[in-house]
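Each remark here refers to the structure printed beneath this line.
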Amino acid sequence: MSVIWGIVVTALSLLAWAGQAAAWLAPSTAVRWKLMEAEDDVNPTFWADIRAEALWDTLCLWVMVAAGMLLIFDQAAWSYFGLVGGGIYLYFGGRGISTRVTMTRRGLRIGTPESVRTGIVFLAIWAAMALITIVAAIAALES
């Protein structure tokens with residue numbers, strides 16, 4: 001079961017990390033791949049926020065990728081990476097959802113309703129992955 005969870009964690013966290021890396025390093029490519037909205041289509045404040053977030057997330061989100069890989073290869077250190085990475089992804093998901101909900105309620109242009117919904121769904125998936133990983137890491141440390 002831990003190998004399967006390691007694959008899930010690795011795949012989902014690689015998706016998030018690669019998307020943020022693309023948004024930071026190649027925003028026009030990220031727009032073309034529908035990973036983010038074009039600058040002209042969103043409020044300038046939101047654009048600045050997601051660009052800064054992309055930079056920071058590219059530097060931080062790798063920790064959960066490492067946790068997943070270590071879990072696949074049955075390395076005990078996975079639990080430490082899982083705790084730290086889980087905390088990062090829980091924050092990533094929660095902040096992303098609350099930012100999008102608040103900005104939408106205030107009438108700021110942050111993307112089409114469909115793209116905002118898609119973003120919230122993926123952020124919720126990453127937050128759920130984080131919670132499950134944190135619980136599993138605590139259980140692994142206790143045993």
Side-chain angles (χ1 to χ4, degrees), residues 1-39 41-43 45-106 108-143:
M1 184 63 174
S2 59
V3 171
I4 293 169
W5 187 246
I7 292 168
V8 168
V9 167
T10 300
L12 287 174
S13 55
L14 265 175
L15 180 65
W17 180 83
Q20 291 297 71
W24 172 44
L25 298 169
S28 60
T29 301
V31 168
R32 197 169 43 253
W33 291 347
K34 307 269 189 225
L35 299 174
M36 63 187 278
E37 302 292 334
E39 182 174 9
D41 296 340
V42 297
N43 183 285
T45 301
F46 185 69
W47 177 259
D49 181 61
I50 60 173
R51 296 285 290 133
E53 183 180 37
L55 162 63
W56 189 248
D57 289 345
T58 301
L59 299 174
C60 296
L61 294 180
W62 66 269
V63 177
M64 193 66 115
V65 178
M69 295 298 294
L70 290 167
L71 188 54
I72 290 169
F73 293 108
D74 197 29
Q75 298 296 311
W78 86 266
S79 56
Y80 300 104
F81 283 84
L83 286 172
V84 173
I88 292 169
Y89 272 76
L90 186 58
Y91 177 81
F92 172 68
R95 181 191 182 280
I97 291 168
S98 63
T99 297
R100 281 154 183 79
V101 168
T102 300
M103 288 187 172
T104 299
R105 285 183 180 159
R106 291 184 176 236
L108 297 174
R109 291 179 306 120
I110 64 167
T112 65
E114 180 183 314
S115 70
V116 172
R117 269 192 309 276
T118 300
I120 289 172
V121 166
F122 274 97
L123 289 162
I125 289 168
W126 287 314
M129 174 193 71
L131 284 172
I132 293 167
T133 302
I134 290 168
V135 169
I138 291 169
L141 288 171
E142 291 177 347
S143 59

### Task
Walk me through it: do I50 and M36 pass the test side-chain contact (heavy atoms from CB on, under 4.5 Å)?
CA-CA 8 Å; I50 60 173; M36 63 187 278; 4.1 Å; yes

### Task
Can you see which heavy atom on V42 is nearest to which on I110, and at what distance?
CG1-C, 3.6 Å

### Query
So do the side chains of E114 and R117 get within less than 4.5 Å of each other, counting heavy atoms only?
yes

#### Entry: Distance (rounded to the nearest 0.5 Å) between I138 CD1 and L83 CG
6.0 Å

## Note on the structure
For S79 and A137 the tightest heavy-atom approach is O-CB, 3.4 Å

### Message
I'd like to know whether CZ of F81 has more than 12 heavy-atom contacts from other residues, nucleotides or ligands below 6.0 angstrom.
### Response
no

### Message
Would you compute the distance between atom OG1 of T10 and atom CG of L15 and round it to the nearest 0.5 angstrom?
### Response
12.5 Å

### Task
Could you check if a side-chain atom of L71 sits within less than 4.5 angstrom of a side-chain atom of V3, using non-hydrogen atoms only?
no

## Note on the structure
Looking only at heavy atoms, the pair that brings A23 and A54 closest together is CB-CB, 3.8 Å

### Query
Does Y80 reach the side chain of L141, with side-chain heavy atoms less than 4.5 Å apart?
yes

### Task
Answer whether the closest heavy-atom distance between the side chains of R100 and F46 falls below 4.5 Å.
yes

### Message
Evaluate W126 against M64 for side-chain contact (heavy atoms from CB on, under 4.5 Å), listing each step before the verdict.
### Response
CA-CA 10 Å; W126 287 314; M64 193 66 115; over 6 Å; no

### Message
As a quick check of understanding, evaluate side-chain contact (heavy atoms from CB on, under 4.5 Å) for L61 and Y89, giving each step before the final call.
### Response
CA-CA 7 Å; L61 294 180; Y89 272 76; 3.4 Å; yes

### Any S115 side-chain heavy atom under 4.5 Å of K34 side chain
no

### Query
So, do T133 and V9 sit near enough that their side-chain heavy atoms are less than 4.5 Å apart?
yes

### Message
Let me confirm one number: the OH-CD1 distance from Y91 to I88, rounded to the nearest 0.5 Å.
### Response
11.5 Å

### Query
To the nearest 0.5 Å, what is the distance between CG (D57) and CH2 (W17)?
12.0 Å

### Message
Between I120 and V101, is there a side-chain heavy-atom distance shorter than 4.5 Å?
### Response
yes

### Task
Specify the closest pair of heavy atoms between A140 and W78, including all atoms of both residues, with the distance to one decimal.
CB-CZ2, 3.9 Å

### Query
Taking side chain as C-beta onward, heavy atoms only, is E53 less than 4.5 Å from T99?
no

### Query
What distance separates L35 CG from R32 CZ, expressed to the nearest 0.5 Å?
10.5 Å

### Query
Run the side-chain contact (heavy atoms from CB on, under 4.5 Å) check on W47 and E37 step by step: do they pass?
CA-CA 8 Å; W47 177 259; E37 302 292 334; 5.8 Å; no

### Summary
dist L90:CG -> R95:CZ (nearest 0.5 Å) comes out at 14.0 Å

